[in-house]
Structure formats: C-alpha cells, structure tokens
Amino acid sequence: MIINKDSIEQNNKNEVENFNSDFAYLSDKLTKSGTNVSEIVNKIADFQVAIPSWALGAGGTRFGRFSYGGEPATLEQKLDDVGLIHALTHSAGAVSLHIPWDIPQDVKAIKEKAVSHGLIFDAMNSNTFQDQPGAEQSYKFGSLNAANEDARAYAVEHNKEVIRIGEELGSKSLTVWLADGASFPGQLNFQTALSKTEQSLKEIYAGMPEDWKLFIEYKPYEPNFYSTTIQDWGTSFMLANACGERAYTLVDLGHHLPNSNIEQIVATLMYKGKLGGFHFNDSKYGDDDLTVGSIKPYALFLIFNELVYGMENNPQNPYPAWMIDASHNIKDPLEDLIQSLEAILIAYAQALLVDQKALKDAQLNNDVVRAQEILQNAYRTDVRPLLKAARLQTGAAIDPILAYRNLKVRENLISERGLNVKATGL
C-alpha cells in the first residue's frame with residue numbers, strides 16, 4: 001500500500017479549521033513571550049527518528065505472541081511500512097536494520113526501495129544474543145565476552161559482516177548490544193569477561209571504515225539475571241574510551257533500574273562528548289518496551305531538556321542517532337510507532353520552549369521555585385499545534401492516527417499480505 005499526497009491532503013481538509021484556530025492561539029501566546037514560533041516549527045519538521053526493522057510486526061513476551069495480521073514478511077515490505085509511517089508523519093525518515101534478521105538479498109533493489117520512500121539507512125544492529133540455524137558456534141555462554149575463543153572470534157566476525165552490509169547500504173554506524181553476562185554467582189570472572197569484551201570491541205572498532213561510529217549499548221539485566229557484562233552507562237563509557245574517538249555510549253530509555261536519573265546520565269555523556277545515540281521507549285517496572293511517553297511523559301521531557309541543552313552547548317558531542325526501540329504486544333505496531341513519534345516530538349517541542357537564560361539565572365540565584373516553574377510551564381504547554389504545523393508544512397497528515405484509520409491502512413495490509421503472517425525476526 002502506498003499513501004499519496006492527495007489522500008493526505010483530502011484527510012487534512014477536515015482538520016484544517018480546528019488546527020488554524022488552535023495554532024493561532026498558541027502562536028500568539030508564544031510570540032508575546034518572545035518565542036520564535038517559526039524556528040521551533042522548523043526544528044520539529046527537521047527532527048527524524050529511525051524505525052528499527054524489527055518493530056514493524058507484533059512483538060511479544062516470553063509467554064506468548066499475538067499476531068496482528070498484515071505483518072511484513074520481507075525486508076521490502078518492512079521498508080514499505082516505514083514508508084507509510086513517514087508519509088503520514090514526515091518524521092520517520094530512517095530505518096535501522098537488524099542483521100541477520102534482515103539481510104538484503106538485492107542491495108541495489110533495497111536501496112532503490114528506500115529512496116522511493118524518502119528513507120536512509122541509519123545504524124546497523126548486530127545479533128550475538130541468539131544462535132542462528134546452522135551457526136558454527138553458540139552464544140549460550142557469551143559472545144564478545146565468551147571464555148571460548150572460537151565463539152568470541154565468531155561474534156567479532158559477525159559484527160564485521162554487519163559493517164560490510166551497512167557499507168553497501170550507506171549506513172555510517174554500528175550498534176552493539178550484548179546479552180553477555182551470568183545467571184549465577186561464580187559462572188564467570190567479572191574482570192576476565194570485561195577484558196575479553198573490551199578486546200573484542202577493539203577488534204570490531206578497528207574493522208570499521210574511518211567515517212563510521214560505534215555505539216555501545218548497556219543494560220542492567222535480562223536475559224541474564226545475576227550480572228550483565230555491560231551493565232551501565234559507566235561501563236559503556238569506559239569501553240567507548242578504550243576503543244577510540246569514534247566509539248560512543250548509546251542510551252536506551254528502558255535499560256535502567258527503576259528511578260535512575262536518566263537525564264543526568266544524558267547530561268554527563270554529552271558533556272564528555274560521548275553520547276552517540278538514544279533509543280526511545282517507556283516502562284513501568286523494568287524494560288517493558290512500551291509506547292514512548294505512555295507511562296512517564298514528564299521524565300521524557302526532562303531528558304529532552306538535557307538533550308536540547310547538550311545539542312546547543314556541547315559541540316564536542318556528535319548529533320545523536322535517534323531510534324524507537326519497542327515491543328508492540330497488543331497494539332497495531334504501526335499505530336504504536338506513530339504514537340511514539342508524537343510523544344517524542346511533544347517532549348522535544350516542550351524542551352525547545354524552556355527559557356534557558358531565565359533558568360540559568362534562577363540556578364545562579366538559587367531560586368529553586370523559579371527554576372521549577374520555568375520547567376513546568378514549558379511542560380504544561382500544549383505543543384500539539386506546533387507538531388501539526390510542522391506536519392502541514394512538510395505535507396504530512398495533521399492527525400496521523402486519524403488518517404491511518406480513515407485510509408484503512410491495516411485493513412489494506414491484511415488484504416495484501418494475509419491475516420496469518422509473521423514479521424521476520426520475531
């Protein structure tokens with residue numbers, strides 16, 4: 001299914017009147033407070049978030065998975081689905097591939113398909129957390145940290161192969177997430193495991209092109225429940241420094257223990273020039289991979305406040321790679337991704353409204369009440385008209401979810417692909 005501009009414009013006609021009045025009210029209010037509304041709308045329009053190839057089908061848990069119908073069975077179909085999201089939102093202009101789940105069989109055709117949807121290939125993702133059919137080595141007891149030298153070499157070579165595939169597609173970065181760790185005390189030696197992981201990452205880093213970046217992800221637990229070798233941002237930061245200037249920490253919103261101060265982690269990494277990317281999701285108890293902003297929207301805003309500050313004040317830090325990383329257990333995956341994009345852009349727009357000069361003055365004068373008011377005034381502003389203005393400016397749908405349903409996208413996908421299909425990699 002392809003959504004053309006005429007279909008979007010037709011849907012927008014019914015929404016324009018309400019949008020115009022809402023935007024005029026907010027624009028007038030913000031302009032009077034000294035805000036450059038056009039500049040903020042342009043920044044929102046330019047903000048692009050990568051969609052991972054594994055997020056386009058119904059996800060699941062260890063207990064079960066419930067198909068949604070019309071899922072993409074091939075990489076080509078996955079690109080079509082990202083294209084649908086991008087057409088409706090104009091904020092999903094990149095796709096992040098997972099290898100070996102989505103190895104292109106015809107690179108030229110895949111690149112042409114991506115271009116037809118206005119998409120680029122963002123970070124490549126390797127997989128050493130599960131054994132593939134016919135694998136010569138097993139990752140049961142580790143990959144980059146494995147005591148078995150052959151298993152370790154096998155994992156390193158897989159990452160190098162992912163880089164080679166990424167080069168052909170035009171990607172410029174590799175994300176490494178490790179499940180390596182231990183489920184029981186004494187299972188491994190912490191220092192030995194860390195040393196072998198560092199050695200393996202250095203080999204991968206040495207095999208990257210000079211214009212590539214390495215993103216090192218971290219996670220406190222799961223699938224191992226006693227220890228994870230790269231368990232926190234400090235370990236990732238240390239390993240990135242050991243690898244070199246083009247190695248960075250990648251922060252996944254869900255990969256933290258409850259009540260972690262993620263905004264402080266973000267600020268510290270940007271100050272040191274080592275925040276390479278950010279994976280968006282949400283959770284209540286642990287790494288639930290829920291829709292972005294569905295549980296802790298204020299925490300997301302505070303994180304974006306630090307991201308915006310860092311992007312404006314830390315030139316030593318590269319522009320971060322943004323990606324949604326979620327599991328859609330009971331929602332239509334495409335609707336869930338659209339909701340996540342909306343939540344991300346809302347938090348971004350709210351952070352852009354923070355009066356950083358006034359906040360700095362309040363901080364210097366130890367005016368805690370004033371500082372809180374400045375942040376919460378921005379957070380409590382309904383910025384959705386700004387997002388709608390950005391979408392209207394770029395030819396996207398004013399209300400993407402409404403347009404998605406009006407155009408019967410899921411029904412059409414089920415008609416084209418069938419009801420009992422399963423996305424690759426799930």
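Sequence positions, counted from 1, serve as the residue numbers for this chain. Since the structure is predicted, the reported quantities are computational estimates derived from the model, not experimental observations.
In this structure the side chain of Pro258 never reaches within 4.5 angstrom of the side chain of Tyr285, judged on heavy atoms. Using a 4.5 Å heavy-atom threshold, the side chains of Ile110 and Leu75 count as touching. In this structure, Val251 and Ile303 have side chains that are not in contact, with every pair of non-hydrogen atoms separated by 4.5 Å or more. The shortest side-chain heavy-atom distance between Asp252 and Lys219 does not fall under the 4.5 Å cut-off. Taking the side chain as every heavy atom from C-beta outward, His98 and Pro52 never approach each other to under 4.5 Å. In this structure, Glu167 and Pro209 have side chains that are in contact, with non-hydrogen atoms separated by less than 4.5 Å. Looking at Leu352 and Lys43, their side chains come closer than 4.5 Å, going by heavy atoms from C-beta outward. Side-chain contact between Asp81 and Leu413 is present, with heavy atoms from C-beta onward closer than 4.5 Å.
Aromatic rings of Phe184 and Tyr226 (six-membered ring for Trp) have centroids beyond the 6.0 Å cut-off, not under it.
The distance from atom OG of Ser283 to atom CG of Leu253, rounded to the nearest 0.5 Å, is 6.5 Å. With rounding to the nearest 0.5 Å, the separation of CG in Leu84 from CD1 in Ile2 is 8.5 Å. Atom CG of Leu269 and atom CH2 of Trp233 lie 5.5 Å apart (nearest 0.5 Å). We find the CE-NZ distance between Met208 and Lys160 to be 12.0 Å, quoted to the nearest 0.5 Å. With rounding to the nearest 0.5 angstrom, the CG atom of Leu307 is 11.0 Å from the CG atom of Leu302. Interatomic distance, CG of Asn125 versus CG of Asn159, reported as 10.5 Å (0.5 Å rounding).
For Leu194 against Leu239, the heavy-atom pair with the smallest separation is CD1-CD2, 4.2 Å. Residues Leu188 and Gly181 approach most closely at CD2-O, 3.4 Å, considering heavy atoms. Nearest heavy-atom pair across Leu290 and Ala326 is O-CB, 4.3 Å. Nearest heavy atoms, Pro320 versus Met270: CG-CE, 4.4 Å. Scanning all heavy atoms of the two residues, the minimum distance from Asn127 to Pro100 falls at CB-CD, 3.8 Å. Of all heavy-atom pairs between Val292 and Ala343, the closest is O-CB, 3.1 Å.
Surrounding OH of Tyr404 are more than 12 heavy atoms belonging to other residues, nucleotides or ligands, all under 6.0 Å away. The 12-atom threshold is not exceeded at OH of Tyr25, counting heavy atoms of other residues, nucleotides or ligands nearer than 6.0 Å. Applying the 6.0 Å contact sphere to CG of Leu364 captures more than 12 heavy atoms from other residues, nucleotides or ligands. Other residues, nucleotides and ligands contribute only 12 or fewer heavy atoms inside 6.0 Å of the CZ atom of Arg384. For Tyr271, the OH atom sits in a loose shell: 12 or fewer heavy atoms of surrounding residues, nucleotides or ligands are nearer than 6.0 Å. Applying the 6.0 Å contact sphere to CG of Asn365 captures more than 12 heavy atoms from other residues, nucleotides or ligands. Summarising the local packing, CG of Leu402 is surrounded by more than 12 heavy atoms from other residues, nucleotides or ligands at distances under 6.0 Å.
Judged purely by distance below 3.5 Å, without hydrogens or angles, the side chains of Asp325 and Asn281 never pair a donor atom with an acceptor atom. A donor-acceptor pair shorter than 3.5 Å cannot be found between the side chains of Asn313 and Gln356. At a cut-off of 3.5 Å, with distance as the only test, a side-chain donor of Thr291 or Lys331 sits close to an acceptor on the other residue.
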| CA sep, side-chain torsions, deciding dist, call: Met1, Asp80, side-chain contact (heavy atoms from CB on, under 4.5 Å) | CA-CA 8 Å; Met1 179 184 183; Asp80 286 340; over 6 Å; no
| query | Does the pair Ser67 and Glu71 meet the rule for a side-chain hydrogen bond (donor to acceptor under 3.5 Å, both in side chains), with working shown? | reply | CA-CA 8 Å; Ser67 180; Glu71 294 183 37; 2.9 Å; yes
| Test log, rule side-chain contact (heavy atoms from CB on, under 4.5 Å), inputs Phe278 and Met323 | CA-CA 6 Å; Phe278 200 100; Met323 193 190 84; over 6 Å; no
| message | Walk me through whether His86 and Leu119 qualify under side-chain contact (heavy atoms from CB on, under 4.5 Å). | response | CA-CA 8 Å; His86 191 47; Leu119 306 175; 4.2 Å; yes
| What do the steps show when you test Ser327 against Asn329 for side-chain hydrogen bond (donor to acceptor under 3.5 Å, both in side chains), and what is the final call? | CA-CA 6 Å; Ser327 178; Asn329 298 331; 3.1 Å; yes
| request: For the pair Met124 and Ile163, evaluate side-chain contact (heavy atoms from CB on, under 4.5 Å) and give the outcome as yes or no after the intermediate values. | output: CA-CA 7 Å; Met124 303 293 291; Ile163 293 170; over 6 Å; no
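A salt bridge does not link Asp355 with Lys357: none of the charged nitrogens is closer than 4.0 Å to a carboxylate oxygen. Between Arg164 and Glu161 there is a salt bridge, since at least one side-chain N of the basic residue sits less than 4.0 Å from a carboxylate O of the acidic one. Ionic pairing of Glu203 and Lys196 is not present here: no N-O contact between side-chain nitrogen and carboxylate oxygen is shorter than 4.0 angstrom.
Listed by chain and number, the residues in a ring-ring contact (aromatic ring centres under 6.0 Å, His included) with Tyr221 amount to none (sequence neighbours excluded). Not counting sequence neighbours, the partners of Arg405 by the side-chain hydrogen bond (donor to acceptor under 3.5 Å, both in side chains) test are Glu335. With sequence neighbours left out, Tyr205 forms a ring-ring contact (aromatic ring centres under 6.0 Å, His included) with no residue at all.
Between Tyr379 and Tyr298, the ring planes are perpendicular. Angles over 60° get that label, and only those under 30° would be called parallel.
Relative to the six-membered ring of Phe237, Lys274 misses at least one condition, a distance below 6.0 Å or an angle of at most 45° to the axis.
Contacts classified as ring-ring contact (aromatic ring centres under 6.0 Å, His included) and involving residues 320-362 (residues at least two apart or in different chains) are given here: Phe47-Trp322, Phe47-Tyr348, Phe280-Trp322, Phe304-Tyr348, Tyr319-Trp322. Listed by first and then second residue, the side-chain hydrogen bond (donor to acceptor under 3.5 Å, both in side chains) pairs that reach into residues 390-402 are Asn42-Gln393, Glu342-Arg391, sequence neighbours excluded.
Partner of Thr381 under the side-chain contact (heavy atoms from CB on, under 4.5 Å) criterion, out of Leu386, Leu353, Thr35: Leu353 alone.
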Donor-acceptor contacts under 3.5 Å from residues 132-150 side chains, at least two apart:
{"from": "Gln132", "atom 1": "NE2", "to": "Gln130", "atom 2": "OE1", "distance (Å)": "3.4"}
{"from": "Ser138", "atom 1": "OG", "to": "Asp131", "atom 2": "OD2", "distance (Å)": "2.6"}
{"from": "Ser138", "atom 1": "OG", "to": "Lys140", "atom 2": "N", "distance (Å)": "3.1"}
{"from": "Ser143", "atom 1": "OG", "to": "Thr128", "atom 2": "OG1", "distance (Å)": "3.0"}
{"from": "Ser143", "atom 1": "OG", "to": "Asp180", "atom 2": "OD1", "distance (Å)": "2.9"}
{"from": "Ser143", "atom 1": "OG", "to": "Asp180", "atom 2": "OD2", "distance (Å)": "3.0"}
{"from": "Asn145", "atom 1": "ND2", "to": "Thr229", "atom 2": "OG1", "distance (Å)": "2.9"}
{"from": "Asn148", "atom 1": "OD1", "to": "Asp150", "atom 2": "N", "distance (Å)": "2.8"}
{"from": "Asn148", "atom 1": "OD1", "to": "Ala151", "atom 2": "N", "distance (Å)": "2.9"}

